[in-house]
Amino acid sequence: MFRLESGKINIAIVEDNGVARLNLRNHLLEMGFSDVGCYSHGRELKPVLRQRHFDLILMDFHLGLHKNGVEVVNELQKEGLLKPSTSVVFVTSDRMPMIVGQIVDVHPDALVLKPYTIKNLERTLSGCIRLNQYLRPVLKLMDQDQYQQALDRLNVMLENNPNPKIHTSMIKLKARLLIKLSRFKEAARIYEQILEGSDKVIWARWGLIQCTNLAGETEKSEEMLESMLGTHLTNDKACEWLTRINIDKEDYDKAELYIDKIKDGELSLSAARLKAHLYQAQDRMDDAIALLEKKRESNRNIREKFIEISLDLARCYLTLAESKPENERPKQLQVARFLIGSAGRNLHGQEMDIKRNVLTALAALMEGDTEKARELLSAEGGRDAEQMDIATPSDAVNAWHGLGEQATASELLHELEQRLKGLPDENEKTVSNLMMHKNQTALGDKKSRALTFNKQGLEFYVKDEFAQAIDLFYQAYLLFPAEAAFSVNLLQSMVEAGQAEHKKASIESLLNELSGQNLSKANAERVTDIREKIRKQKLI
């Protein structure tokens with residue numbers, strides 16, 4: 001039997017078929033694994049991942065009336081719930097190139113095809129776990145976003161690696177780390193070296209395209225993507241990528257040519273949202289609604305997708321209502337409320353409650369009911385971007401801005417900007433950037449907002465109303481952390497109030513940041529005086 005001397009291995013099985021799930025669990029128990037959790041779909045697994053870590057996830061591709069395994073993995077990565085130190089092994093009976101291509105695109109540690117033998121399963125899991133444990137020092141650093149330290153450790157391990165069989169896996173990991181560190185040309189060279197050995201290695205081709213695009217060589221990356229059109233394994237992904245590139249260039253006509261190469265019935269949920277937002281960027285709301293309605297109907301039996309598309313449709317109708325005079329809004333708002341309500345009836349939980357509250361608040365604002373809107377937004381999570389999925393903060397920014405709560409809107413927008421930097425789903429990132437651009441236009445440019453917050457903060461500061469001053473200086477600091485005056489004002493207010501921390505800022509972190517900046521004589525003198533007060537009050 002398969003037993004690892006290094007201790008207990010935690011495994012999660014995600015499989016919608018009860019009999020298959022039980023059989024798989026029994027196989028694992030026979031191999032010597034004792035800590036095996038079973039889940040029928042991704043939504044069952046998600047809350048568990050917020051509480052505990054799994055060494056390995058066995059993920060079935062087809063999950064019945066729920067999102068498929070690839071969509072689950074994408075969602076978990078997007079929300080930061082799937083750490084690098086967790087191995088992912090896919091299990092499927094589907095050998096279609098399109099399905100296998102989707103699985104390969106999320107870079108699983110292994111793929112097990114049904115029907116499998118116990119010996120094959122044992123060999124696959126053994127290899128994944130042993131590789132994971134060998135690379136554990138690197139992966140744990142990656143879990144903590146310490147990419148430079150992880151790369152340094154990996155380089156040492158590569159120099160001393162006694163096993164040539166895992167060399168490719170280690171080189172692949174090195175390329176990922178170089179991308180995380182924005183060292184795109186070095187990562188590209190790794191992919192080029194792999195492709196020199198064989199140009200059939202698909203993951204290396206995608207990696208090279210990604211590095212080339214991130215390095216700013218857009219035309220070169222487009223040429224490589226063009227060469228990947230027309231085949232079942234790479235066509236759709238290449239089309240989506242070319243669409244995103246041209247949306248970023250605001251060449252919407254060309255973007256549409258590429259996304260139209262994918263049949264509507266074969267559009268993934270992510271690609272359908274991308275196409276709908278492309279239509280919206282062209283002021284073609286009717287086309288966006290028609291596409292989402294068609295996608296919603298075809299996913300009526302897949303509850304999670306049906307709900308997500310319903311909420312996207314609700315956003316379309318809210319946007320449509322906003323563009324019309326007040327007396328012409330009732331019809332669009334009625335449809336939006338119906339869609340929000342139908343989504344809420346079928347799925348519950350805090351994340352869904354926040355989505356529903358924020359969208360309903362937007363509808364209430366358009367009806368002139370600010371009291372109702374404030375009540376909905378003030379419910380738990382209405383100000384906290386970390387409790388929202390990636391689309392909701394943008395809605396919340398619009399709602400709080402509509403209530404005149406500029407500080408809350410600005411802070412949520414800042415949180416959204418930070419989350420988008422590390423978002424792994426490129427389609428979602430492009431969609432969110434389009435939504436965020438509308439937020440930024442509505443709120444105004446960062447410099448003007450920062451100066452306004454700073455001015456308001458000074459008005460409260462001179463009256464010794466430090467709580468209000470601190471929050472306003474904090475907003476200015478978030479918008480322009482490199483502007484020393486905002487940081488010093490925030491620091492001084494916190495010291496005067498005897499407050500060591502405010503949200504994500506602290507006296508210690510502000511001092512460290514200011515020590516690395518070239519300060520004017522006046523600001524340098526202020527910081528010296530502040531340090532003396534900190535010492536006397538023993539705030540740090």
Side-chain angles (χ1 to χ4, degrees), residues 70-71 74-75 77-78 97-98 101-102 104-106 179 184 202-203 205-296 298-299 305 308-309 312-313 315-316 319 390-391 394 420-421 423-438:
V70 167
E71 291 166 331
N74 282 330
E75 189 171 289
Q77 289 176 334
K78 182 171 63 179
M98 188 181 297
Q102 287 181 49
V104 170
D105 283 345
V106 295
I179 290 171
F184 306 125
I202 297 297
W203 59 263
R205 292 179 71 186
W206 288 128
L208 180 58
I209 291 168
Q210 180 185 20
C211 293
T212 306
N213 188 43
L214 290 171
E217 300 179 64
T218 308
E219 289 185 11
K220 186 177 177 182
S221 63
E222 284 187 271
E223 288 175 10
M224 288 189 281
L225 285 165
E226 288 277 1
S227 71
M228 300 181 81
L229 297 175
T231 66
H232 285 300
L233 198 59
T234 61
N235 181 77
D236 289 4
K237 185 173 179 178
C239 286
E240 290 176 27
W241 209 319
L242 286 161
T243 301
R244 293 194 303 267
I245 286 173
N246 284 285
I247 287 176
D248 290 341
K249 294 192 296 186
E250 297 187 15
D251 189 343
Y252 299 137
D253 290 339
K254 193 172 180 182
E256 189 175 350
L257 286 174
Y258 286 117
I259 199 70
D260 280 347
K261 291 180 184 292
I262 309 174
K263 296 177 182 177
D264 283 352
E266 295 177 4
L267 284 169
S268 65
L269 179 57
S270 174
R273 295 189 72 236
L274 181 68
K275 188 170 185 176
H277 279 271
L278 172 59
Y279 284 145
Q280 291 178 56
Q282 297 170 292
D283 294 322
R284 294 165 55 187
M285 189 61 74
D286 289 344
D287 288 332
I289 289 173
L291 172 64
L292 291 172
E293 286 281 14
K294 188 186 298 183
K295 204 69 182 172
R296 180 172 180 260
S298 65
N299 284 280
K305 290 186 181 181
E308 283 193 26
I309 299 168
D312 272 323
L313 268 169
R315 289 186 180 94
C316 287
T319 302
I390 198 68
S394 188
L420 287 183
K421 290 178 182 177
L423 193 64
D425 186 329
E426 294 295 336
N427 284 350
E428 189 74 57
K429 185 182 289 187
T430 298
V431 166
S432 296
N433 275 321
L434 286 170
M435 295 171 70
M436 188 172 67
H437 179 69
K438 290 174 66 177

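Residues: numbered from 1 along the sequence shown. Keep in mind the model is a prediction, meaning the values are calculated, not measured.
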- Item | Nearest atoms (heavy-atom pairs only) where Cys316 meets Leu292 | SG-CD1, 3.8 Å
- To the nearest 0.5 Å, how far apart are NE2 in His277 and OG in Ser432? 8.0 Å
- Applying side chain to side chain donor-acceptor pair (under 3.5 Å), which residue pairs with at least one partner in residues 205-223 are found, sequence neighbours left out? Glu222-Lys249
- Message: Check this for me: does any side-chain nitrogen of one of Lys254 and Asp251 sit under 4.0 Å from a carboxylate oxygen of the other?
- Response: no
- May I ask you to test the Ile259-Leu267 pair for a side-chain heavy-atom distance under 4.5 Å? yes
- Item | Note, Asp105 side chain near Val70 side chain (heavy atom, < 4.5 Å) | no
- Note on the structure: Between Glu226 and Leu242 the two heavy atoms that sit nearest each other are N-CD1, 4.4 Å
- Query: Just wondering, are more than 12 heavy atoms of other shown residues or ligands nearer than 6.0 Å to CG in Asp286?
  - Reply: no
- Message: Less than 4.5 Å apart, side chain to side chain, heavy atoms only: is that true for Glu293 and Ile309?
- Response: no
- Query: Between Asn427 and Arg273, is a side chain to side chain donor-acceptor pair (under 3.5 Å) present by the stated rule, with each step listed?
  - Reply: CA-CA 8 Å; Asn427 284 350; Arg273 295 189 72 236; over 6 Å; no
- Nearest-0.5 Å distance that lies between atom CD in Glu426 and atom OG in Ser270: 10.0 Å
- Task: Apply salt bridge (charged side-chain N to carboxylate O under 4.0 Å, His left out) to Asp236 and Lys261, showing your working.
- Result: CA-CA 8 Å; Asp236 289 4; Lys261 291 180 184 292; over 6 Å; no
- Item | Within-4.5 Å side-chain heavy-atom neighbours: Glu240 and Ile262 | yes
- Query: Donor-acceptor pair, Asn235 side chain versus Gly230 backbone, under 3.5 Å?
  - Reply: yes
- Heavy-atom donor-acceptor pair, Asn433 side chain to Lys429 backbone, under 3.5 Å: yes
- Item | Glu71 and Lys305 ion-paired at < 4.0 Å | yes
- Message: Would you compute the distance between atom CD1 of Ile390 and atom CD of Glu428 and round it to the nearest 0.5 angstrom?
- Response: 7.0 Å
- Would you check if Cys211 and Ile179 make a side-chain contact, meaning some heavy-atom pair closer than 4.5 Å? yes
- Message: Assess the residue pair Met285 and Thr319 against the criterion (side-chain contact (heavy atoms from CB on, under 4.5 Å)); give the C-alpha distance rounded to whole Å, side-chain angles, the decisive distance to 0.1 Å, and a yes or no.
- Response: CA-CA 9 Å; Met285 189 61 74; Thr319 302; 3.6 Å; yes
- Message: To check you understand the geometry: which heavy-atom pair defines the closest contact between Val431 and Leu274, and what is its length?
- Response: CG2-CA, 3.7 Å
- Message: Testing the basics here: between Ala238 and Leu229, what is the closest heavy-atom pair and its distance to 0.1 Å?
- Response: CB-CD2, 3.7 Å
- Query: Which heavy-atom pair separates Ile289 from Leu313 by the least distance, and what is that distance?
  - Reply: O-CD2, 3.8 Å
- Could you go through the side-chain contact (heavy atoms from CB on, under 4.5 Å) check for Met228 and Ile209 one step at a time? CA-CA 11 Å; Met228 300 181 81; Ile209 291 168; 3.3 Å; yes
- Item | Verdict with reasoning, Tyr258 to Asn246, per side-chain contact (heavy atoms from CB on, under 4.5 Å) | CA-CA 9 Å; Tyr258 286 117; Asn246 284 285; 3.6 Å; yes
- Spacing of CD belonging to Gln280 relative to CZ belonging to Arg315, to within rounding of 0.5 Å: 10.0 Å
- Would you give the length of the straight line joining atom OH of Tyr279 to atom CG of Leu291, rounded to the nearest 0.5 angstrom? 6.0 Å
- Task: Decide yes or no on side-chain contact (heavy atoms from CB on, under 4.5 Å) for Asp312 and Lys295, but give the supporting numbers first.
- Result: CA-CA 11 Å; Asp312 272 323; Lys295 204 69 182 172; over 6 Å; no
- Which heavy atom of Thr243 sits nearest a heavy atom of Ala255, and at what distance? OG1-O, 3.5 Å
- Item | Pairwise distance CD(Glu256) to CG(Asp287) - rounded to 0.5 angstrom | 8.0 Å
- If you count the non-hydrogen atoms of other residues, nucleotides and ligands that lie under 6.0 Å from NZ in Lys78, is the total more than 12? yes
